[in-house]
Each structure stands twice: as structure tokens, then as C-alpha cells.
*Asks:* 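Sending over a structure as C-alpha cells; questions will come in a sec.
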2 protein chains.
Amino acid sequence: MIESRFGPNGGNRLPQPDTKNRLLEAAERLFASEGLSRTSLRAITCEAGVNVAAVHYHFGSKDELLVELVRRRIAPMNEERLARLDAIERASEGGPLPLEPVLRAFVEPAFRFRSEMSGHEQLGRFFGRLYAEPEEILESTLREIFEDVAKRFRDAFARAVPHLPDDELDWRFHFLVGTVVHTLMGRREMQAPTDDPPPDQEVIDRVIRFTAAGLSAPVEMGQ
Amino acid sequence: MIESRFGPNGGNRLPQPDTKNRLLEAAERLFASEGLSRTSLRAITCEAGVNVAAVHYHFGSKDELLVELVRRRIAPMNEERLARLDAIERASEGGPLPLEPVLRAFVEPAFRFRSEMSGHEQLGRFFGRLYAEPEEILESTLREIFEDVAKRFRDAFARAVPHLPDDELDWRFHFLVGTVVHTLMGRREMQAPTDDPPPDQEVIDRVIRFTAAGLSAPVEMGQ
DNA sequence: AGGCGATTCAAACGCATGATTGAATCGCGC
DNA sequence: GCGCGATTCAATCATGCGTTTGAATCGCCT
């Protein structure tokens, strides 16, 4: 049976009459500012201006909304990371990789996607929350989305900092992630609450400087 | 009116018949493994083997239990940090401070308190959650507990790495906290789930190596 | 022995949550 | 203009939540 035309409601030409996307955006905003488990369905649908039942109609459940949100937000960020890493590896032709570009390929997409987000720069906090709040429903999704990135970048760092033993490399990659996530979450220990946020590129450069030094530190305890 | 004797129930000689501490320990365990907002009072009291009403009798509310838990756990850790920093500053007699000991004074108490915890090494995750889940009730408590530590260590790092401008120092201190918190949370990106956790001192040394290099990196963007 | 304050307990409260229902509404294709 | 699937909506469900209550229990002190 041929799909005679498209579905109803504009026939998939307008994929949704906005409801689905408005739900995703409202959910992202609230998840970021209130936390995953502290955000109720009613708060989301109220913020989106739609009925409560819309969530279950379009996504099936609150959990599946969250999974869909992760797929839409995190996956593209990781694809950009991998694309940039591809370019670096292609340019190096099997030789050692330059550390700073690899670092930037990992760090910059995270900040870029944060600020690209429709007006509000909450994606960083949402992103950070994924690490902090253990939603078992997300475990497999996150693993699936981050597995490639983790593996590819681990190997890239191994080529960029070849003097490191494997276990030390794993740990330093872990520390890098901690630095990035904590910074995306936007908590500054010493910042006066009145200061306005600094431009992304400045923060990125500081992160790169710090982590590049940490990653390339000698492995012997020379101090 | 003279406090004729002590209170009832052993007259404060046994401060509580265990209930209060059992609640705190059960709460800490569950907060750490399940998250702050996903842990119910009933789960806590069930785990502790006491009645639900005991929480309100001893603490007043779930939130106040959390605050009390923070005071009991985090405050001593920070006191040890400050004591160690005092010793370092006393030994330096106004001169520049050695970076690595200052770093260790900040990092080691966190890991030590984690493993000291009655059998379970969950304090790290609990500690990490305090950063990740924004309980507005904790905001003032956490600020009060961490304010001194943040200020004192910021100044110490300024003396240990004197070539850094103030804003760069603030950021690097932020990155250090991110590294520590993320590591305390215990998520390893590359670790097989079957591996058993490495000894604390080994992890501490790796953290110190990484952050010492990051903190003392040159501030110019010299690749 | 008896009184009394500290503590425990089972039961219930009101409320917010995630989920579900079934009818109403919409808008295209026929 | 009619039918039909896609979509919205108000209303409702059962459940679990934090909290409160009031009576029972415990153990020291006089």
C-alpha cells in the first residue's frame, strides 16, 4: 500500500503544529534550571502552553521525553566533535596529533551548543545535570551517545600525548570531562552573583589552557 | 533555674538512642546512591529501621535532615583542609607557598572523608550531588560552610602561583573544584564496570599531578 | 510506686505527581 | 460536505509524597 499522501495535519509538511517542539524547549529550560527530577510534567506543559496529556500523546511518558531531548541536543554536539576530530586526524596522516586542536574539538562544541540554544543558555546546565542526576532510564541512551566520542577522543589523546601510560590517560580524560562539565554547569566559586557571564570564547580558552597543561604534565611525580 | 540534672533518656549521656544517627547514615547512603530529590522519607526511615515520624521529631523536616547531614559531614572536612593550610602558611613565614602541599591540603581531606565513612564510600557521591542538585534550602548552608575554604585557598593559590592574574586564578580554582567533584562522584568514562575501585592515594596523586600542571600553566596562550 | 518528659508508633491528612480516559475539535482527502 | 485519522482538552485515576496527630511506650527521678 503506497503512502497515498502524507499524514494528517499538514501531512508532515509541518511535522508538528509546534506542540512537540514547544514541549521539548520548555522541558529543556525547566530541566536545566530546576533539575531533572524536580521538574513536573505540569510545569513543563504549563510553560509550553499545552495540555498535560500532550506529553503522553507525543512522547509516551516523561522519561521518553527526556530521552528524546537528549538525542536531539547531545547527539548533534557529539557529531560536531567527531567531525572536527576527523578533520584533525585526516590532516595528520597517521602521525602524532596536535594536542590543542584535539582539545578544542572536544571542548568547543559543548559551549557552542550551549549558546546556540534558542535564546537561553541553559543547555550547559541541562548537560551538566545529565551527569549529576542518575536517571536509570538515561543510562543506555547516554552510553550509546557518548560511547563513540569517548573512545575516539581517548585514542586521539593517546596519539597527542604519547608519553602517558594507558591508565593515566584514562584518568586525565576523566579530569578533563570534570572540568568541562563543572564549567558548563556555570557555578563559579569566587564570582560575585552580580557579574554578568563572560564571553564563551574567553572561558573556552581558559579551559583549554588548564587542561592542556594537565594532560601533558609529566607522569613522574616531579615536584 | 539550674538545669537540675540532664534531660531524659540517659540524661544526654547517650545523646540519642541511636535513632538520630541511624537516620543520618541511612539518608546519606540513599542520597548518595539515588540522588537528593529522588530519595523519599519513607525509603530513609525504612532503611534506618525507624518510624517515619522520627524524621520530623528529630530534625523537623526532610530538608533540615539534609542540612544537618551537610553540617556533620562537610564541615569537618573543611576544617581539616583549613588546619592543613594553616600549617603550610605557618611554615612559609610570609614567603611564597609551595603549590603541591596546598593542593594536597585541599584535595586529600575530601577523599579521606569519603573512605572513612562507616564502611560505604558513598560520601563522595553525596558530596558531588550537593553541587549538582540545586536544593535552595542548602544554598545558604553550603555558602556558609564553603565560604572560608574558598577564600582562604584562593589566597593560598595566589601565593603559590603568583604569576596568575586574579581572574585567571579564579577560573583555575573553579576548574580544580570541577576535577575534584567529578572524581569524587566516581564516574569513570573509560572504566569497565567490573574493575574494582583503585586505592584513594593513587587517585589523589593523579588528581594532584593534573591540577598542579593546570594551575601552574603559563597564562599566555603558548599552545 | 508513681509521675513525667522523651521517644516511638500506626494511622491518617492534604496534596502533587505521572498517567489515562473519552469526548470534542481540527483539517485534509475523497 | 463528509468521513476519518490526527490532535487537543478537561476531568479523573491511583499512587507516593512530606507532614501531622494522638495515643502508647519507655526509662529515669523523686
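So that the names make sense, note that chain A is the first sequence line, chain B the second, and so on, each numbered from 1. Everything numeric in this text was worked out from a predicted model, so none of it was measured. Worth knowing before you read on, the calculation uses all heavy atoms, side chains too, and leaves out hydrogens, waters and symmetry mates.
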*Asks:* Ring centroids only, cut at 6.0 angstrom: are B/Phe173 and B/Phe157 within range, meaning strictly under it?
*Replies:* yes
*Asks:* Please state whether the phosphate of D/dC17, meaning OP1 or OP2, lies under 4.0 angstrom from any side-chain nitrogen or oxygen of B/Ser40.
*Replies:* yes
*Asks:* Would you indicate, yes or no, if D/dT8 has its OP1 or OP2 atom less than 4.0 angstrom from a side-chain nitrogen or oxygen of A/Thr19?
*Replies:* yes
*Asks:* To the nearest Å, give me how far apart CG (B/Asp63) and P (D/dC17) are.
*Replies:* 15 Å
*Asks:* Looking only at the side chain of A/Ser61 (C-beta and beyond, no hydrogens), which of the listed nucleotides C/dA19, D/dG18, D/dT21 gets closest?
*Replies:* C/dA19
*Asks:* Under 4.0 Å, heavy atoms only, any strand: does A/Val52 hit a base, just the sugar-phosphate, or nothing?
*Replies:* nothing
*Asks:* With a 6.0 Å cut-off on the ring centroids, do B/His182 and A/His182 count as close?
*Replies:* no
*Asks:* Rounded off to whole Å, could you give me the CZ-to-P distance for the A/Arg22 and D/dT7 pair?
*Replies:* 16 Å
*Asks:* Which nucleotide wins on minimum distance to the side chain of B/Ala53, given the candidates D/dT7, C/dA10, C/dT21?
*Replies:* C/dA10
*Asks:* When you measure from the side chain of A/His56, which nucleotide among D/dT19, C/dG18, D/dT20 comes out closest?
*Replies:* C/dG18
*Asks:* Among the nucleotides C/dC9, C/dA19, D/dT19, which one has an atom lying closest to any side-chain atom of B/Asn51?
*Replies:* C/dC9
*Asks:* Is it true that the NZ or CZ of A/Arg81 lies under 6.0 Å from the centre of A/Phe106's six-membered ring and within 45 degrees of the ring axis?
*Replies:* yes
*Asks:* Can you tell me which nucleotide in C/dG18, D/dA10, C/dC9 comes closest to the side chain of A/Leu41?
*Replies:* C/dG18
*Asks:* Rounded off to whole Å, could you give me the CG-to-P distance for the A/Asp18 and D/dT7 pair?
*Replies:* 13 Å
*Asks:* Under the salt bridge (charged side-chain N to carboxylate O under 4.0 Å, His left out) rule, collect the residues that match up with B/Arg84, sequence neighbours excluded.
*Replies:* B/Glu108
*Asks:* Look at all strands and tell whether B/Thr39 reaches a base, only sugar-phosphate, or nothing, counting heavy atoms closer than 4.0 Å.
*Replies:* sugar-phosphate
*Asks:* Picking from D/dT12, D/dT21, D/dT8, which would you name as closest to the side chain of A/Arg42?
*Replies:* D/dT12
